[in-house]
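Report on the following structure.
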Amino acid sequence: KHLANLLVSMYAKCRSMGDARTVFDDIREPNLFSWNILVSAYAINGDFHGARAVFDRMPEKDSVSWNTMVTAYARIGRIREARKMFEAMPQPDTVSWNALLAGYAQNGHLLEAIELFKKMPDKDVVTWTTMVTGLAENGYLDEARRFFELMPTPDVAAWNAMVAGYAQAGCLIQARLMFDEMPAKNTASWNSMINGYFQNREVEQARSLFDAMPRKNSTSWNLMIAAYAQRGHLQEAREVFDRMPDKN
RNA sequence: CUUUGCCC
């Protein structure tokens, strides 16, 4: 049954809702995990009506079920619906608060996000990074920085959000300073900085970072190829493509 | 085995 649940989840992530549903329907006695996975499956594929239908029909719910629905509405910008879900929850946990917070932040409602942030009974590293990201990507870099500096223990994601925010605003020097000062980098850190250079037409800088990065993931490769192609450098795009190890 | 934040 764990395997069947995993299968449903995997099909959903591959956007194969038909297969996901078929596997689910063949599960003898779906447990709470199975139901939650099915709700999430519809949500991932943008079908919040489907998600809602399953949610209303499932025999029992836990906070994961509720949180999945909050997220499903928040992601597509239906904040009022997300909020209604949140308010109907018996016991909202930090994930619930964070999901709603991300809904506001991702849809550009920063004032409401700040308001909600202040009301939160518990804050974790996700709470803080959600704020940093939301502020930074909407151009409120000074505010983002303030939140970042107030974070008890900024993790890589928070650092990356600041790097991406500065880069997106065209502040490559600041972005690079933070990139260099990061206590630990992951592949997303490198990708953020490289993407920043490309967005600001610093093709050579982007290229040398790409060549220097210790590990590349599919985003790294796609980034380089797309950026070269967009700028009309079809020969280098092709050359990078040919060097890519797993072309699938 | 399922839900929230960073690059795409």
Side-chain angles (χ1 to χ4, degrees), chain A residues 1-10 12-13 20 23-24 27 30-44 51 54-55 58 61-75 82 85-86 89 92-106 113 117 120 122-137 144 147-148 151 154-165 167-168 175 178-179 182 185-199 209-210 213 216-227:
Chain A
K1 176 169 303 168
H2 290 188
L3 287 177
N5 286 345
L6 182 60
L7 245 194
V8 175
S9 177
M10 285 185 351
K13 285 174 189 154
V23 175
F24 177 87
I27 299 176
N31 59 16
L32 186 49
F33 278 76
S34 321
W35 285 102
N36 285 340
I37 289 167
L38 191 62
V39 175
S40 168
Y42 282 106
I44 284 171
V54 174
F55 178 81
M58 56 196 290
K61 302 166 175 55
D62 64 1
S63 63
V64 172
S65 330
W66 288 92
N67 292 341
T68 305
M69 287 306 301
V70 173
T71 303
Y73 284 123
R75 284 237 177 93
M85 272 290 160
F86 175 83
M89 283 187 75
D93 57 17
T94 303
V95 172
S96 326
W97 285 90
N98 287 343
L100 186 60
L101 185 72
Y104 284 118
Q106 286 164 359
F117 177 88
M120 290 182 64
D122 296 295
K123 299 170 176 68
D124 61 12
V125 69
V126 173
T127 314
W128 286 95
T129 306
T130 300
M131 289 304 302
V132 170
T133 304
L135 291 164
E137 76 190 5
F147 273 86
F148 177 79
M151 282 185 77
D155 65 357
V156 204
W159 282 91
N160 291 350
M162 288 302 305
V163 170
Q168 178 192 316
M178 296 213 68
F179 179 79
M182 290 179 62
K185 297 175 181 60
N186 60 16
T187 307
S189 321
W190 290 83
N191 291 344
S192 300
M193 196 64 235
I194 292 168
N195 193 37
Y197 280 130
F198 264 127
Q199 281 172 352
L209 263 196
F210 178 78
M213 67 191 296
K216 301 168 175 61
N217 62 15
S218 59
T219 300
S220 322
W221 293 98
N222 291 338
L223 206 62
M224 289 299 293
I225 295 167

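Chain identifiers are assigned alphabetically (A, B, ...) following the order of the sequence lines, protein sequences preceding nucleic acid strands; residue numbering begins at 1 within each chain.
With sequence neighbours excluded, no residue forms a ring pair (Phe, Tyr, Trp, His ring centres under 6.0 Å) with Phe33(A). Scored by the ring pair (Phe, Tyr, Trp, His ring centres under 6.0 Å) test, Tyr197(A) finds no partners at all (sequence neighbours excluded). Residues passing the ring pair (Phe, Tyr, Trp, His ring centres under 6.0 Å) test with Tyr104(A), sequence neighbours excluded: none. Taking Thr219(A) as the reference, nothing meets the side-chain hydrogen bond (donor to acceptor under 3.5 Å, both in side chains) condition, with sequence neighbours excluded. Partners of Phe179(A) by ring pair (Phe, Tyr, Trp, His ring centres under 6.0 Å), not counting sequence neighbours, listed by chain and number: Trp190(A).
U2(B) atom P lies 13 Å from atom CG of Leu7(A), rounded to whole Å. One can place CG of Leu3(A) at 10 Å from P of C1(B), the figure rounded to the nearest angstrom.
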How would nucleotides 3-8 of chain B be written as a contact map, 5' to 3', with B for base contact, S for sugar-phosphate-only contact and - for no contact, using protein heavy atoms under 4.0 Å?
BBBBBS
